[in-house]
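Have a look at the structure below before the remarks.
When a ligand or atom number is given, it counts from 1 through the structure's own listing order.
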Amino acid sequence: MQDTFRHQGLRKRLVQELRTLGINDEKVLSVIEKIPRHLFIETTYGDDAYENKPFSIGRGQTISNPYTVAYQTALLNIKAGDKVLEIGTGSGYQSAVLAELNAEIYTIERHQPLSKKAEKILKHFHYSNVHTYYGDGFKGLPAIAPFDKIIITAAAPEIPKELLKQLAINGIMVIPFGDGDTQEMIRITRLASNEFEKETLSTCTFVPMLKGIVD
Ligand code: SAH
């Protein structure tokens, strides 16, 4: 499937919708306008890719809706060159959004087929600043830490201690927290080695963050 003028038009409309929903980070909006989201999900969804909806990506998982991607990305306040850890590669779409903001992305997925598929599409778009890992995100990537930003794209039943350790001083973590049907979006800023600021933001809905890997 190709990117067409029609898809580009649908993306413009989506960006307008995100504005009305309160997203006002122009950099994030321009990236959403640029990336062909329909190429990250099953082709049968075609034009629907530009509805503000999540979609199934296999293995019982979903690509987050565009509002949520934009919202979490804006909360991270990405600067060019930031080292970013993403937990839950899924379709790879969120990784592409971060890559377009010129950050260095390390993304972990616990389902091997999803990780492989995402790696393939991200290579197709020549995102040399995205590094995909098949593994358990609860462990993070200690060899590559500290990270300036950490984004968790699955609902965490607890704030993973190991990931807090891997956050740089002044680093930001954005995490949907809770084990019910809906969660709270939390932004954590590491003020000092042992000092973290925690802001509880809006209600959100994610698939659960689970331990271990699945092949
Ligand atoms: N960022 C993704 C959203 C995918 S949904 C996108 O843009 O498409 C969340 C993903 O998190 C799922 O693919 C799920 O398998 C994955 N996940 C859940 N727990 C995980 C863990 N402990 N480590 C790594 N990935 C995990």
Before you tell me yes or no, could you show the steps for E51 and R37 under salt bridge (charged side-chain N to carboxylate O under 4.0 Å, His left out), namely the whole-Å CA-CA distance, both residues' side-chain angles and the distance that decides it to 0.1 Å? CA-CA 10 Å; E51 303 285 321; R37 184 175 187 255; over 6 Å; no

Stepwise side-chain contact (heavy atoms from CB on, under 4.5 Å) test for Y71 and M185: CA-CA 10 Å; Y71 180 63; M185 190 67 78; 3.9 Å; yes

Examine the side chains of T89 and Y134 and answer whether a donor and an acceptor come within less than 3.5 Å of each other. no

Ranked by distance from atom 7 (O) of ligand 1, the top protein heavy atom is Q94 N, 3.1 Å

Please determine whether any non-hydrogen atom of T89 lies less than 4.0 Å from an atom of ligand 1. yes

Find all atoms of ligand 1 within a distance of less than 4.0 Å from any non-hydrogen atom belonging to S91, and give their numbers and elements. 6 (C), 7 (O), 8 (O)

Interfacing atoms of ligand 1 (cut-off 4.0 Å, heavy-atom, I63): 8 (O)

So is S64 polar-close to ligand 1, meaning N/O to N/O under 3.5 Å? no

Is it true that E162 and K165 make a salt bridge, defined as a side-chain N closer than 4.0 Å to a carboxylate O? yes

Which residue supplies the protein heavy atom nearest to atom 12 (C) of ligand 1, what is that atom called, and how far is it? Q61 OE1, 3.3 Å

Only one of R190, M173, K83 passes side-chain contact (heavy atoms from CB on, under 4.5 Å) with I150, and that residue is M173

closest protein heavy atom to atom 15 (O) of ligand 1 is E109 OE2, 2.7 Å

Relative to the heavy atoms of V207, which atoms of ligand 1 are at a distance of less than 4.0 Å? 5 (S), 9 (C)

Any chance you could lay out the side-chain contact (heavy atoms from CB on, under 4.5 Å) test for I213 and Q112, step after step, and finish with the verdict? CA-CA 8 Å; I213 53 173; Q112 192 170 38; over 6 Å; no

Just by distance, with hydrogens left out, do H7 and Q2 show a side-chain donor and acceptor under 3.5 Å apart? no

Consider every N or O of G88 and every N or O of ligand 1, then say whether any pair is closer than 3.5 Å. yes

Applying a heavy-atom cut-off of 4.0 Å, say which part of T62 lies close to ligand 1: side chain, backbone, both or neither. backbone

In the protein, which heavy atom is nearest to atom 18 (C) of ligand 1, and how far is it? P208 O, 3.6 Å

Where does R110 meet ligand 1, judged by heavy-atom distances below 4.0 Å: at the side chain, the backbone, both, or neither? both

Quick one: does D136 get an N or O within less than 3.5 Å of an N or O on ligand 1? yes

Tell me, please: is K211 in heavy-atom contact with ligand 1, that is, under 4.0 Å? no

Taking only non-hydrogen atoms of L114 and a 4.0 Å limit, the atoms of ligand 1 in range are 13 (O)

Taking only heavy atoms of G135 into account, list the atoms of ligand 1 that are under 4.0 Å away from them. 23 (N), 24 (C)

Find all atoms of ligand 1 within a distance of less than 4.0 Å from any non-hydrogen atom belonging to E86, and give their numbers and elements. 1 (N)

Given the rule that I, L, V, M, F, W and Y join up when any side-chain heavy atoms are under 4.5 Å apart, are I87 and Y127 in one cluster? no

Please confirm whether F40 and F125 have ring centers closer than 6.0 angstrom. yes

Examine the side chains of Q94 and T73 and answer whether a donor and an acceptor come within less than 3.5 Å of each other. yes

Could you tell me whether M209 approaches ligand 1 through its side chain, its backbone, both or neither, with non-hydrogen atoms closer than 4.0 Å? both

Just verifying a value: how many Å separate D82 CG and F147 CZ, rounded to the nearest 0.5 Å? 12.0 Å

Judged by atom type as modelled, is there a donor-acceptor pair below 3.5 Å linking the side chain of T4 to the main-chain atoms of R6? yes

If I apply the N/O under 3.5 Å rule, does G137 come out as touching ligand 1? yes

Nitrogen or oxygen of L210 less than 3.5 angstrom from that of ligand 1: yes

In terms of relative ring orientation, are H38 and Y50 parallel, tilted or perpendicular, with 30° and 60° separating the classes? perpendicular

What are the atoms of ligand 1, with element, lying closer than 4.0 Å to any heavy atom of T153? 1 (N), 2 (C), 3 (C), 5 (S), 9 (C)

